[in-house]
2 protein chains.
Amino acid sequence: MPKSSVSKLVPKVPPLPSVPGMSRRQQFSASTKKTLVEVAEKLFTEHGYASTSLDAIVAGAEVTKGALYHHFSGKQALYEVVFEKVEAATAQSIDAAMRETKDPWEQARAGLRTFLEAVQQPTYRRIVVQEGPAVLGYQRYREQEERSTFTVVEDIVAAVLRAGDRTVDGEMVATFARLFFGAMSAAGESVAEASNPEEAAERVELAVTYLLTGVQTLAQQGVKVEDMR
Amino acid sequence: MPKSSVSKLVPKVPPLPSVPGMSRRQQFSASTKKTLVEVAEKLFTEHGYASTSLDAIVAGAEVTKGALYHHFSGKQALYEVVFEKVEAATAQSIDAAMRETKDPWEQARAGLRTFLEAVQQPTYRRIVVQEGPAVLGYQRYREQEERSTFTVVEDIVAAVLRAGDRTVDGEMVATFARLFFGAMSAAGESVAEASNPEEAAERVELAVTYLLTGVQTLAQQGVKVEDMR
DNA sequence: TACTGAACATACCGACGGTATGGCCAATAG
DNA sequence: CTATTGGCCATACCGTCGGTATGTTCAGTA
């Protein structure tokens with residue numbers, strides 16, 4: 001058998017970009033772990049948590065369950081890593097969008113708009129909104145959100161609220177933030193599911209703007225949240 | 001062996017209340033089906049969908065899997081029946097609370113308050129809010145909600161909105177309803193999870209009232225949703 | 001009285017999450 | 001340069017669970 005035909009069976013593998021301060025062995029390890037997470041993210045998004053088998057994941061990553069269970073304690077732990085990754089990316093994109101303007105009101109609109117876009121991404125929808133609470137349990141789900149996306153939304157809400165009423169305490173801000181966060185999540189689902197997503201998204205923006213404007217108007221009139229009792 | 005000792009091994013069973021127009025056989029059948037649903041509701045609420053095995057359900061109902069698969073096409077179908085039952089009960093309780101007053105604004109407050117209470121019930125939280133979207137899939141989940149609880153919320157929102165702005169179309173009402181529905185669901189979770197649920201519930205009521213008051217104020221000033229563009 | 005079909009029970013299968021064990025080889029000490 | 005160790009991963013296997021195929025009983029009916 002000629003050498004040339006043999007060499008085709010051993011395709012050249014692109015050398016891993018050498019990361020300083022990391023041995024070759026560690027780089028291989030990190031690579032497989034990264035691949036596992038990426039494949040898991042893809043499959044979880046497409047088929048959901050329950051319908052995605054570990055066999056499918058390790059097959060996609062071209063490893064075995066031994067590798068998976070070396071890097072993660074189980075299926076749920078792998079899901080949590082994927083969850084955090086998706087969350088972090090979303091929070092970061094919102095943060096970036098808000099940094100593009102200085103005006104607080106414009107920042108709020110930009111942030112909410114970006115959140116509305118993010119919440120329509122299949123990955124975020126499936127992994128965070130739809131299956132997150134069920135897979136992680138609401139406790140862990142909330143703990144995770146608290147450290148990323150929700151915090152961003154809370155900052156936005158706080159800015160809008162305090163612009164008019166400086167007496168609102170932290171608990172009240174958190175409550176408003178919860179309401180808006182839940183509202184936007186649900187809205188994202190309905191937008192993504194709508195027959196005409198663009199129109200639906202615009203309706204949501206109108207509605208949210210209307211609500212926020214109402215809040216601002218009340219605040220300008222000196223009406224405090226406390227007065228609602 | 002004396003008769004008395006034997007009779008203790010055959011405990012008297014309370015006779016089934018005879019339902020007119022239903023043969024005894026049909027009554028037994030309906031009874032096992034009902035029992036299966038009730039046991040399933042209990043176990044699904046306590047342990048969640050994935051952690052509740054069919055063996056546990058049929059053991060609790062004192063039947064076998066043959067009976068279960070005779071009445072339901074599978075685990076998910078059983079879950080859907082439980083889901084619909086819980087949903088229907090919730091919608092009905094909201095409806096009842098609203099009928100106690102005639103004033104639209106008071107009806108809205110009563111309805112929202114009842115919804116906020118319902119959304120704190122462990123059964124509703126676990127089966128509908130937390131695991132509903134993941135187990136049924138968002139499509140079926142929304143279809144079910146559309147036929148019960150969401151419709152009630154939509155009616156409330158419509159009443160409040162149209163009181164001020166008669167030009168809002170149905171799509172816009174539905175959008176507002178989606179926002180409020182999602183907001184209330186998320187709020188219910190945070191309330192139920194809070195260290196002091198009563199305080200948390202009151203904060204939510206304050207916030208919602210503030211939002212609705214803002215909407216009303218805008219409407220009284222003649223500000224239409226359309227003007228937000 | 002014979003018979004049919006509804007209402008279950010029983011036994012079993014395949015898929016899947018998880019575990020126990022062993023092998024390979026880069027990194028490091030001597 | 002050699003021996004040894006431990007991180008990294010493959011292989012084989014187990015228990016559980018959802019689902020199915022088949023058998024059995026018996027109330028209702030002709």
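Just so we're on the same page: letters track the sequence lines, and every chain starts at 1. It should be emphasised that the depicted structure is a prediction, and the values quoted were computed from it without experimental measurement.
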Rounded to whole Å, how long is the line connecting atom [atom1] of [X] with atom [atom2] of [N]?
X: B:K65; N: D:dT22; atom1: NZ; atom2: P; answer: 17 Å
X: A:Y69; N: C:dG22; atom1: OH; atom2: P; answer: 21 Å
X: A:E62; N: D:dC9; atom1: CD; atom2: C1'; answer: 15 Å
X: A:K75; N: D:dT16; atom1: NZ; atom2: P; answer: 19 Å
X: A:L78; N: C:dG18; atom1: CG; atom2: C1'; answer: 14 Å
X: B:L68; N: C:dA9; atom1: CG; atom2: C1'; answer: 13 Å
X: B:K33; N: C:dA6; atom1: NZ; atom2: P; answer: 14 Å
X: B:F72; N: C:dA7; atom1: CZ; atom2: P; answer: 12 Å

Please name all residues satisfying ring-ring contact (aromatic ring centres under 6.0 Å, His included) with A:F115, sequence neighbours left out, ordered by chain then number.
A:F181
Keeping the roles fixed (side chain from A:E131, backbone from A:Y49), state whether a donor-acceptor pair exists under 3.5 Å.
yes
Please check: side-chain N/O of B:Y79 versus main-chain N/O of B:A40, any donor-acceptor pairing under 3.5 Å?
no
Among C:dA9, D:dA10, C:dG18, which nucleotide has an atom closest to any side-chain atom of B:V63?
C:dA9
Under a 4.0 Å N-O cut-off, is there an ion pair linking B:E117 with B:R113?
no
Salt-bridge test for A:R178 and A:E145: reply yes if a basic N is under 4.0 Å from a carboxylate O, no otherwise.
no
Could you list by number each residue of residues 40-61 of chain A showing a heavy-atom separation from DNA chain C of less than 4.0 Å, or answer none if no residue does?
A:T52, A:S53, A:L54
Any heavy-atom pair between the side chains of A:V173 and A:E154 that's under 4.5 Å?
yes
Is [X] near enough to [N] that one of its side-chain N or O atoms lies under 4.0 angstrom from OP1 or OP2?
X: A:H70; N: D:dA10; answer: no
X: A:T32; N: D:dC9; answer: yes
X: B:H71; N: C:dC8; answer: yes

Report yes or no: do A:Q139 and A:R142 form a side-chain donor-acceptor pair below 3.5 Å?
no
